[in-house]
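Take a look at the structure below.
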There are 2 protein chains.
Amino acid sequence: MSVSARAVTSATDNQVCPERLVVEHITSRWGMLVLTALLDRSYRFSELRREIGGVSEKMLAQTLQTLERDGFVHRNARPVIPPHVDYTVTDMGREAGERMRAMIQWVDDRMSAVVDARAAYDRVRAERDAATEAPPVARTR
Amino acid sequence: MSVSARAVTSATDNQVCPERLVVEHITSRWGMLVLTALLDRSYRFSELRREIGGVSEKMLAQTLQTLERDGFVHRNARPVIPPHVDYTVTDMGREAGERMRAMIQWVDDRMSAVVDARAAYDRVRAERDAATEAPPVARTR
DNA sequence: CGGTATCCGCTCGGATACTG
DNA sequence: CAGTATCCGAGCGGATACCG
């Protein structure tokens with residue numbers, strides 16, 4: 001059984017299906033970092049913020065709320081003063097985090113191949129552009 | 001050995017490391033749809049556009065170029081009139097696509113759990129908001 | 001400490017028009 | 001057919017200030 005690309009886009013064009021949104025929550029910029037960080041141990045909000053690095057309070061709070069709502073992260077708030085809140089992965093969140101960690105590791109193992117592919121691609125383009133005397137094209141990031 | 005969250009963020013905060021960019025290319029909105037579609041067969045540009053549905057020419061071209069440059073997609077242009085171009089996955093792209101397909105399938109299998117988690121989360125929030133008489137919070141998407 | 005509220009720049013990404 | 005070029009609006013995400 002395979003999942004078709006069609007299966008992940010909705011019937012009416014450009015309307016996203018709920019599955020894709022969940023995939024985006026897991027694979028998102030901060031989502032994947034939160035899930036993989038929580039694989040190792042629980043974190044408090046500020047700890048997690050330092051561990052990940054470069055994430056604003058707003059985005060971390062938003063990411064944690066979304067992942068909690070989807071059932072990937074558990075929020076444990078102890079009603080003391082000052083407040084003490086820590087986050088852990090749920091069983092489902094652990095599976096998701098392990099998948100993302102494996103994905104990141106897989107990419108890491110292939111980075112040299114990616115770098116080579118880019119060099120080859122850029123070289124060919126540079127030659128073509130030199131011949132046509134046209135400027136290079138814009139790229140994603 | 002495991003991949004830490006730190007490993008995927010750069011030394012200087014908020015500066016992204018190249019690995020994370022590649023992960024984003026693969027998991028991106030259109031990237032994952034392109035890779036999984038190409039697992040089954042090769043596609044021409046317009047075919048792929050119809051198959052995926054809801055993607056603009058601009059974004060499909062951009063996505064294909066990025067994936068080609070990273071070495072995940074192969075572009076085969078036959079110099080005929082009218083032009084005939086088709087796209088296939090490379091060996092590396094096939095692996096990436098299979099990972100994304102597995103990820104999508106995994107999410108699909110757990111959608112009912114996600115829906116339940118959301119209902120529980122929203123119910124608790126609604127109760128809390130009713131008690132505090134405050135409006136609900138904003139969420140990601 | 002662990003957030004929320006508000007403001008706002010900037011990039012993503014869609015629509016449209018045009019080209020080889 | 002397979003793109004490129006240009007314009008532009010929406011919303012992602014950062015900075016700052018404030019609250020329980």
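A, B, ... follow the sequence lines: proteins, then strands. Residue 1 opens every chain. Please read these numbers as outputs of a predicted model, since none were measured by experiment.
For the pair B:Lys58 NZ and D:dT6 C1', the computed distance is 9 Å after rounding to whole Å. We find that CG of A:Leu64 is positioned 15 Å from C1' of C:dC1, with the value rounded to whole Å. One interatomic measurement links the two molecules: CG of A:Leu60 to P of C:dC1, which rounds to 15 Å at whole-angstrom precision. Straight-line distance from the CD atom of A:Glu57 to the P atom of C:dT4: 10 Å, rounded to whole Å. Atom CG in B:Asn76 sits about 18 Å away from atom P in D:dC1, given to the nearest Å.
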Can you give the donor-acceptor pairs under 3.5 Å from side chains of residues 111-120 of chain B to other protein atoms, not counting sequence neighbours?
from	atom 1	to	atom 2	distance (Å)
B:Arg118	NE	A:Asp70	OD1	2.7
B:Arg118	NH2	A:Asp70	OD1	3.0

Hey, can you pull the donor-acceptor pairs under 3.5 Å for the side chains in residues 75-82 of chain A, sequence neighbours left out?
from	atom 1	to	atom 2	distance (Å)
A:Arg75	NE	A:Tyr87	OH	3.4

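Taking the ring centre of B:Phe45 as origin, the terminal cationic atom of B:Arg49 falls outside the region bounded by 6.0 Å and 45° from the ring axis.
Near-neighbour residues of DNA chain C inside residues 78-89 of chain A, defined by a heavy atom below 4.0 Å, number-ordered: A:Pro82, A:Pro83, A:Val85, A:Tyr87.
Contact check, A:Gln65 against C:dT4: a side-chain N or O comes under 4.0 Å of OP1 or OP2. Considering only side-chain N and O atoms, A:Arg44 lies under 4.0 angstrom from the phosphate OP1 or OP2 of C:dG2. Under 4.0 angstrom from either OP1 or OP2 of C:dG14 there lies at least one side-chain N or O belonging to B:Arg29. The shortest distance between the side-chain N/O atoms of A:Arg75 and the OP1/OP2 oxygens of C:dG3 is below 4.0 Å.
Using a 4.0 Å cut-off between charged side-chain N and carboxylate O, B:Arg41 and B:Glu47 make a salt bridge. Taking 4.0 Å as the cut-off between side-chain N and carboxylate O, B:Arg20 and B:Glu24 count as a salt-bridged pair.
Among C:dG14, C:dT4, D:dA2, the nucleotide with an atom closest to any side-chain atom of B:Ser46 is D:dA2. The listed nucleotides are D:dG13, D:dT4, C:dG3; the one nearest the side chain of A:Met59 is D:dG13. For B:Ser56, taking side-chain heavy atoms from C-beta onward, the closest of the listed nucleotides D:dA15, D:dC1, C:dG14 is C:dG14.
Remark: A:Trp106 CH2 to B:Glu19 CD distance equals 13.0 Å, nearest 0.5 Å.
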